[in-house]
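What you see below is based on every heavy atom in this structure, not just the backbone, and it leaves out hydrogens, waters and symmetry mates. Just so you know, ligand 1 is whichever comes first in the structure, and atom 1 is the first atom listed for that ligand.
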Amino acid sequence: GKESYRALNGLYVLHDELGSGGFGKVKLATHLLTGQYVAIKIIDKKKIGNDLPRVKTEMDALRTLSHQNICQLYQYIETTEKFFIIMEYCSGGEMFDYIVRKERLPEAEARHFFRQLVQAIAYVHSLGYAHRDLKPENLLLTEELKLKLIDFGLCARPGGPGLVNNKPLDTCCGSPAYAAPELILGQQYLGNRADVWSMGVLLYALLCGALPFEDDNMQLLYRKISNGRYYEPDFLTNSSKELLKRMLQVDPERRITVNELLRHPWLNSTYQAALKWQTIYDKNLVDEDVAREMAYHYGTQLGTMVGKIKEWRFDYLTATYHLLLQLKARGEKFALPPPRLANNQTGSNV
Ligand SMILES: Cn1cc(Br)cc1C(=O)Nc1[nH]nc2c1CN(C(=O)N[C@H](CN1CCCC1)c1ccccc1)C21CC1
């Protein structure tokens, strides 16, 4: 009910629902201080019950991960009944819907998106994480058709059990159609290599508009995945076929690694720039124009504001910083209202 959104009062105004998943919903909202759209994931604690660790897993990952191809966490509010996870709004919707609408993508367009996915995953793996639930529904698009990775609820933490894991599929990982053979067989597996298999399934979906392994019967689906044989449509180029073959290798030892992917000719043909997989954001570097505008609004010294921003507390201040930075990156001017008058001063607008 509305009353339990009290935690957002004065900070955000909620609009329509963007999606609802197993344990929560996402609503479009406006960040009042900047007037910018955000997406708020609202999770009801009662409804998720013993899935609570997944929320914590996602929050730990999102606090650490900051990358141009990962949907940015802005703020995190926990109340007795709910979690409010305030994140970057991607107005291009899900990659899943984009592929369905276009049926399948020409090789050049598939490459445009796949490069960004490889950049995101190379960055995630470089920090010791594995996503483990890669599928088109977890890839969002921005207005400018940039790709943003979401849903780290199943990711494996650095050094945690997740990196080498032998929990059977249903308990730990998402959609079977994208799951690597070693994962569905409940064998020991490396999260990184399982992610590469899922990316292969995704690349096939981008290029062919269908799934390489599909069956309504779960047992038959598992058999198809562990056999690793799939149909190669004629319209696939030889280089696409070769790359898919390297990614959809049943034996994880023979499967291409992310580092080899970064250098693979299919990804680099027709592009001058090599893949920039490192993050463009530096947590120790605060944008001075943004910090100055915030210092003005909050009535603090610039240095004090820079220090506050660097705490990265994922509070309203962190959200304001990211949203102003986004406005600046889009070349739009940004200004915050002047400081609020202290209540002992008179003024026309109080
Ligand atoms: C669908 N859509 C259409 C337009 Br236009 C924008 C969107 C949209 O969802 N944009 C968007 N921006 N930022 C986000 C979203 C969706 N979104 C999401 O986190 N969406 C996921 C979608 N998952 C894919 C598989 C299961 C659920 C979600 C997770 C839990 C509950 C509901 C939705 C975030 C917050 C990160």
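Proximity of the aromatic rings of Tyr204 and Tyr230 is defined here by a centroid distance below 6.0 angstrom, and this criterion is met. The aromatic ring centroids of His31 and Tyr74 lie 6.0 Å or more from each other.
Relative to the ring axis of Phe83, Lys41 does not place its NZ or CZ within 45° and under 6.0 Å from the centre.
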Are there any N/O pairs under 3.5 Å between ligand 1 and the protein, and if so, what are their distances?
| from | atom 1 | to | atom 2 | distance (Å) |
| --- | --- | --- | --- | --- |
| ligand 1 | 10 (N) | Cys90 | O | 3.1 |
| ligand 1 | 12 (N) | Cys90 | N | 2.9 |
| ligand 1 | 13 (N) | Glu88 | O | 2.9 |
| ligand 1 | 23 (N) | Asp151 | OD2 | 2.8 |

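In this structure, Ile280 shares a hydrophobic cluster with Tyr281, the cluster being traced through Ile, Leu, Val, Met, Phe, Trp and Tyr side chains under 4.5 angstrom apart.
Around atom NZ of Lys308, no more than 12 heavy atoms belonging to other residues, nucleotides or ligands sit under 6.0 Å away. Heavy-atom neighbours of Glu144 CD from other residues, nucleotides or ligands within 6.0 Å: above the threshold of 12.
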